[in-house]
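Beneath this line is the structure, given in structure tokens, with notes to follow.
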Amino acid sequence: MQLPSRRGGISCSVERMEGATLLLFPGLGVDRRIYAPQLSLPIRIEIREWIEPESMGESLHHYADRLAGEIGPRPDAYVGGISLGSMVAMEVATRLDARGIVVIGGCSSHRQISPLFRSVLRVAAALPTSAIRPVLKLAPAALALFEKLPKEQRRLMTRMLQEHSPFQTRWSCRAILEWECCALPPAMPIFSVHGEEDAVIPVKNVSPRVVVAGGRHLINLSHAGEVNRFICESVLAAT
């Protein structure tokens with residue numbers, strides 16, 4: 001199903017959304033600011049910041065297990081995220097006894113990531129931690145390669161990438177390159193939305209429920225209206 005661009009309001013019933021929580025995990029190298037457009041949703045939004053990895057060799061599975069242990073059971077919540085955040089959401093969903101998963105621009109294996117972006121991850125993972133921040137001076141050029149964002153959103157992304165923990169960024173790149181999704185319960189709802197022109201995780205490599213016309217990877221920013229509508233309608237359908 002393709003979701004056409006529509007800039008109108010969100011058609012969600014506030015009454016039916018009451019009591020539902022969406023627990024979101026940020027993406028690679030970013031923080032809670034990535035979800036500013038989702039804060040207008042008529043649902044309780046919680047954004048979980050990253051914890052520090054135990055070591056550079058820690059797997060994403062083990063990291064997510066520790067993170068889930070800190071959060072505790074959340075049977076009231078849907079879990080989700082953009083890109084890396086959706087990978088973590090899939091890992092923690094069963095541990096938190098979540099109601100469902102919202103996948104934004106995500107995948108279930110590192111093999112579904114484009115060769116070009118896998119190369120970017122390999123370079124970042126191989127760098128010494130001290131080199132991460134200097135290299136991120138190239139972030140605007142990389143964003144222009146993979147995204148079509150207005151100036152303010154490009155500035156926001158650049159700030160988040162440059163302010164993020166260099167160790168966390170380097171670890172994330174390495175962990176993603178080795179990640180294969182866990183086994184999910186067949187009864188757990190998974191709501192996935194993807195950009196039609198995603199150059200990080202090409203849509204042909206995944207099977208999303210909804211494809212956003214003209215969207216690239218960071219569709220929660222670039223096509224916030226469409227993504228917010230998708231989240232509303234998905235949660236309403238499952239509530």
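These numbers come from the heavy atoms of this one structure, side chains and all, not from hydrogens, waters or symmetry mates. This is a predicted model, so every value here is computed, not measured. Residue numbers start at 1 and run along the sequence shown.
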Legend entry - Test item: Glu196 side-chain N/O and Gly214 main-chain N/O as donor-acceptor pair under 3.5 Å: yes
Inset, instruction - Locate the shortest heavy-atom distance separating Glu49 from Pro26; write the atom from each residue and the value. - result: OE1-CG, 4.3 Å
Legend entry - 4.5 Å side-chain heavy-atom contact, Val206 and Ile201: yes
Legend entry - For Arg66, salt bridge (charged side-chain N to carboxylate O under 4.0 Å, His left out) partners two or more places apart: Glu54, Glu58
Legend entry - Residue pairs fulfilling ring-ring contact (aromatic ring centres under 6.0 Å, His included) with at least one residue in residues 84-103, sequence neighbours excluded: none
Legend entry - For Trp179, ring pair (Phe, Tyr, Trp, His ring centres under 6.0 Å) partners two or more places apart: none
Legend entry - Salt-bridge criterion met for Arg95 and Asp65 (N-O under 4.0 Å): yes
Legend entry - Spatial distance of atom CZ (Phe117) from atom OG (Ser83) [nearest 0.5 Å]: 6.5 Å
Inset, instruction - To the nearest 0.5 angstrom, please state how far the CG atom of Leu145 sits from the CZ atom of Arg216. - result: 8.0 Å
Legend entry - Minimum heavy-atom distance between Val235 and Ala20, given as atom pair plus value: CG1-CB, 4.3 Å
Legend entry - Closest contact, heavy atoms only, Ala89 versus Val79: O-CG2, 3.6 Å
Legend entry - Donor on one side chain, acceptor on other, Arg170 and Thr129, under 3.5 Å: yes
Legend entry - Heavy-atom side-chain proximity of Val30 to His164 below 4.5 angstrom: no
Legend entry - Check: Leu177 and Arg122 side chains under 4.5 Å, non-hydrogen atoms: yes
Legend entry - Residue pair Ser165 / Glu52, side-chain donor-acceptor N/O under 3.5 Å: yes
Legend entry - Under 3.5 Å donor-acceptor, Ser234 side chain and Phe191 backbone: no
Legend entry - Leu136 reachable from Leu138 in the ILVMFWY side-chain graph, under 4.5 Å edges: no
Legend entry - Aromatic plane relationship, Phe25 with Trp50 - under 30° parallel, 30 to 60° tilted, over 60° perpendicular: parallel
Legend entry - Rounded distance [0.5 Å steps], CG in Leu28 versus SG in Cys173: 5.0 Å
Inset, instruction - Kindly indicate, with the supporting measurements, whether the criterion side chain to side chain contact (heavy atoms under 4.5 Å, CB included) is fulfilled by Val102 and Ile190. - result: CA-CA 6 Å; Val102 177; Ile190 301 177; over 6 Å; no
Legend entry - Separation of Ile113 CD1 from Cys107 SG (nearest 0.5 Å): 4.5 Å
Inset, instruction - Using only heavy-atom distances, determine whether the side chains of His110 and Glu178 contain a donor-acceptor pair under 3.5 Å. - result: no
Legend entry - Tyr63 OH to Ser55 OG distance, which is reported to the nearest 0.5 Å: 12.5 Å
Inset, instruction - List the steps, then state whether salt bridge (Lys or Arg N to Asp or Glu O under 4.0 Å) holds for Arg33 with Glu163. - result: CA-CA 12 Å; Arg33 289 172 286 180; Glu163 292 170 5; 2.8 Å; yes
Legend entry - For the student: nearest non-hydrogen atoms of Asn220 and Ala224, plus distance: O-CB, 3.3 Å
Inset, instruction - Please tell me if the side chains of Ile34 and Leu156 come closer than 4.5 Å, counting only heavy atoms from C-beta onward. - result: no
Inset, instruction - Kindly say whether Met87 contributes a backbone atom to a donor-acceptor pair with the side chain of Glu91 at under 3.5 angstrom? - result: no
Inset, instruction - With the side chain counted from C-beta on, respond yes when Lys148 and Glu197 share a heavy-atom pair under 4.5 Å apart, and no when they do not. - result: yes
Inset, instruction - Could you pull out the closest heavy-atom pair between Pro202 and His194, with the gap in Å? - result: C-NE2, 4.3 Å
Inset, instruction - Verify side chain to side chain contact (heavy atoms under 4.5 Å, CB included) between Ile176 and Leu121, making sure each step is shown before the conclusion. - result: CA-CA 8 Å; Ile176 290 170; Leu121 295 174; 3.8 Å; yes
Inset, instruction - Mind running side chain to side chain contact (heavy atoms under 4.5 Å, CB included) on Leu218 and Met157 for me, showing each step along the way? - result: CA-CA 10 Å; Leu218 299 174; Met157 284 297 301; 3.7 Å; yes
Legend entry - Residue pair Val193 / Pro208, side-chain heavy-atom distance below 4.5 Å: no
Legend entry - Residues Glu152, Arg155: salt bridge by 4.0 Å N-O rule: yes
Inset, instruction - Can you see which heavy atom on Arg48 is nearest to which on Leu67, and at what distance? - result: NE-CD1, 3.7 Å
Inset, instruction - Can you measure from CG (Asp31) to CG (Leu161) and round to the nearest 0.5 angstrom? - result: 9.5 Å
Inset, instruction - Output, in order, the C-alpha distance, side-chain angles, deciding distance and verdict of side chain to side chain contact (heavy atoms under 4.5 Å, CB included) for Arg74 and Asp97. - result: CA-CA 6 Å; Arg74 294 298 306 271; Asp97 192 26; over 6 Å; no
Inset, instruction - Using atom types as modelled and distance alone, determine if a side-chain donor or acceptor of Tyr35 lies under 3.5 Å from a backbone N or O of Ile82. - result: yes
Inset, instruction - Kindly indicate whether the side chain of Thr21, heavy atoms from C-beta on, has any atom under 4.5 Å from the side chain of Ile43. - result: no
Legend entry - Glu147 and Arg154 ion-paired at < 4.0 Å: no
Legend entry - Flag for Thr158-Gln162: side-chain donor and acceptor within less than 3.5 Å: no
Inset, instruction - Measure from the side-chain N and O atoms of Asn228 to the backbone N and O of Pro37, and report whether any donor-acceptor pair falls under 3.5 Å. - result: yes
